[in-house]
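Notes for the one structure printed next.
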Amino acid sequence: MAQVRNKQVLLRNHVTGFPKESDMNIVESTITLKLPQGSNLVLLKNLYLSCDPYMRNLMNKPEGPPNSRAYTPGSPLTGYGVSKVLESGHPNYKEGDLVWGFTNWEEYSLLSSAQILFKIEHTDVPLTYYTGILGMPGVTAYAGLFEVGSLQKGDKVFVSAASGAVGQLVGQFAKLNDCYVVGSAGSKEKVDLLTDKFGFDGGFNYKEEPDLDAALKRHFPEGIDVYFENVGGKTLDAVLLNMRLHGRIPVCGMISQYNLTEHEGVTNLAQIIYKRVRLQGFNFMDWVHLYPKFLDFLLPNIREGKVVYVEDIAQGLENGPSALVGLFSGRNVGKQVLVVSHE
């Protein structure tokens, strides 16, 4: 049985505050590229890994009820990825299949088939898309906007972290439904992307706005129907002052809070009562059952060029820590993808 090198990204120790590259180790172990006799596991070669903000929370020292997905110091990081099946003990998968789901940050993984979410049937689009637009971020944007946010034709929509993996799609999906869409981002380059590439009606750099309430009133003089929440903190507080009656706030992320030892308070919560606002948290796994319907909606729009996607590609597992940490300083432009192998 051939033993091969298996490069891995391990968590060095639990993290407090902003993560650093030194919180992770690059190690080389070995793995036997053969399933144990009678095993129902699946042996995968990992091709593309997804760098996502939620991964920061899994680096914390667990408090309260156990989280089965929390990272353990000395073990590989885990997350969404695209992989090729090398050998399978499960009847649903065979050698050569391309799949996406949960995998380890390493070159080869031996996993339960339950960690695979879907077999990849459509290969006329880039495989990296299954870490983003056709993966967790895409379903998050779709379900958050249409199911949780109850989007109506012509709604006025605000998106924070609007150039990111989820935000860029939320804006484009809303534009397909004739909505007025404005997004916030953290640089001029990213704001230009919103209007020039993604078709938003407007955008602003939140770092250059001393008064977020005034910025929102400038772009939404009649108020906001749907706020797609990715950042929390001061942005959420300002948005609450600008919501319209019966507005909806789907909440899938609060990236401004993940690295703080003391979270920022939100002072305008009474607006939820006054304006009958529905604020609802959700995540991708709540809506994974919609995946076939989601593909039916999105694939034609991708093929016809009606929806576009920007990726930020990092090459090699050794650059994984840098790519992941960069999410929290806004270094990436678009969806951050880590290439493990092109084969």
Side-chain angles (χ1 to χ4, degrees), residues 47-52 79-84 97-101 116-149 151 153 155 157 159 161-181 183 185 189-190 192-201 203 226 228 230 250 252-253 282-285 287-314 332-340 342:
L47 305 180
Y48 306 105
L49 299 175
S50 179
C51 297
D52 295 302
Y80 295 99
V82 173
S83 311
K84 178 188 267 188
D97 282 347
L98 294 166
V99 296
W100 74 270
I116 297 173
L117 293 176
F118 294 100
K119 194 185 296 187
I120 293 173
E121 307 285 0
H122 304 278
T123 55
D124 61 323
V125 294
L127 281 180
T128 53
Y129 276 16
Y130 290 91
T131 68
I133 184 171
L134 294 176
M136 178 274 288
V139 176
T140 299
Y142 175 81
L145 193 60
F146 295 113
E147 301 291 336
V148 182
L151 187 77
K153 202 164 190 165
D155 273 347
V157 178
V159 188
S163 69
V166 175
Q168 59 176 290
L169 295 174
V170 172
Q172 292 182 78
F173 294 171
K175 288 306 298 179
L176 289 174
N177 283 264
D178 299 324
C179 294
Y180 170 78
V181 182
E189 177 189 15
K190 292 179 180 181
D192 288 345
L193 267 182
L194 301 184
T195 53
D196 298 346
K197 191 169 185 71
F198 303 139
F200 284 48
D201 296 288
V226 177
F228 201 102
N230 287 308
C252 83
F282 75 101
N283 72 26
F284 158 71
M285 291 305 293
W287 300 99
V288 69
H289 62 279
L290 290 183
Y291 193 64
K293 179 182 174 186
F294 162 74
L295 287 183
D296 288 343
F297 159 76
L298 188 51
L299 280 169
N301 282 305
I302 293 174
R303 290 168 180 148
E304 293 168 25
K306 293 179 180 175
V307 173
V308 296
Y309 202 58
V310 171
E311 297 176 310
D312 194 322
I313 305 289
N332 59 301
V333 177
K335 167 64 188 169
Q336 184 67 67
V337 182
L338 181 63
V339 177
V340 182
H342 290 286

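The basis for the numbers below is simple: all heavy atoms, side chains too, and nothing from hydrogens, waters or symmetry mates.
Phe198 pairs with exactly one of Val181, Val308, Val307 by the side chain to side chain contact (heavy atoms under 4.5 Å, CB included) rule, that one being Val308.
Heavy atoms only, all atoms of each residue included: Phe294 and Ile133 are closest at CZ-O, 3.2 Å. In terms of heavy atoms, Cys179 sits closest to Val157 at CB-CG2, 4.1 Å. When all heavy atoms of Gly203 and Leu194 are compared, the pair lying nearest together is CA-CD1, 4.3 Å. The heavy-atom pair separating Gly171 from Val159 by the smallest distance is N-CG2, 4.4 Å. Minimum interatomic distance between Lys335 and Ala165 (heavy atoms only, all atoms of both residues): CD-CB, 3.4 Å. Across Pro250 and Gly149, no two heavy atoms sit closer than the pair CG-CA, 4.1 Å.
Here Leu299 contributes atom CG and Asp124 contributes atom CG; the two are 7.0 Å apart, rounded to the nearest 0.5 Å. Taking OH of Tyr291 as the start and CG of Leu134 as the end, the distance is 5.5 Å to the nearest 0.5 Å. To the nearest 0.5 Å, the span separating CG on Asp201 from OG1 on Thr195 amounts to 10.0 Å. Atom CG of Asp97 is separated from atom OG of Ser83 by 11.5 Å, given to the nearest 0.5 angstrom. To the nearest 0.5 Å, atom CD of residue Gln172 and atom CZ of residue Phe200 are 7.0 Å apart. Here Leu117 contributes atom CG and Phe284 contributes atom CZ; the two are 5.5 Å apart, rounded to the nearest 0.5 Å.
At least one side-chain heavy atom of Val125 sits under 4.5 Å from a side-chain heavy atom of Tyr130. Between Thr140 and Phe282 the shortest side-chain heavy-atom distance falls below 4.5 Å. Proximity of Phe173 to Leu151: side-chain heavy atoms (C-beta onward) are nowhere separated by under 4.5 Å. Counting heavy atoms from C-beta on, the side chains of His342 and Tyr48 come closer than 4.5 Å. Between Met285 and Val139 there is no side-chain heavy-atom pair separated by less than 4.5 Å. Taking 4.5 Å as the limit, every side-chain heavy atom of Trp100 sits out of range of all side-chain heavy atoms of Thr131. Considering only heavy atoms from C-beta on, Asn177 stays 4.5 Å or farther from Leu145 through its side chain.
By the side-chain contact (heavy atoms from CB on, under 4.5 Å) test, Asn332 pairs with Asp312, Leu327, Gln336, sequence neighbours left out. Residues passing the side-chain hydrogen bond (donor to acceptor under 3.5 Å, both in side chains) test with Glu311 are Thr128, sequence neighbours excluded. For Glu304, the side-chain contact (heavy atoms from CB on, under 4.5 Å) criterion is met by Pro300, Lys306, not counting sequence neighbours. In this view, Lys190 satisfies the side-chain hydrogen bond (donor to acceptor under 3.5 Å, both in side chains) rule with no residue, not counting sequence neighbours. Partners of His289 according to the ring pair (Phe, Tyr, Trp, His ring centres under 6.0 Å) rule, which considers only residues two or more places apart in sequence or in another chain, are Trp287.
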Under the side-chain contact (heavy atoms from CB on, under 4.5 Å) rule, what do Ser163 and Val333 come out as? Steps first, then yes or no, please. CA-CA 7 Å; Ser163 69; Val333 177; 5.9 Å; no
Derivation and outcome, side-chain contact (heavy atoms from CB on, under 4.5 Å), residues Leu169 and Leu298: CA-CA 10 Å; Leu169 295 174; Leu298 188 51; 5.6 Å; no
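Evaluation of the salt bridge (Lys or Arg N to Asp or Glu O under 4.0 Å) test over residues 130-147, restricted to residues two or more places apart or in two chains, returns Glu147-Lys293.
Counting heavy-atom neighbours within 6.0 Å of Lys84 NZ, excluding the residue itself, gives a total of 12 or less.
Between Tyr309 and Tyr129, the angle of the ring planes goes over 60°, which puts this pair in the perpendicular group of the 30/60° scheme. Between Tyr142 and Phe297, the angle of the ring planes lies from 30° to 60°, which puts this pair in the tilted group.
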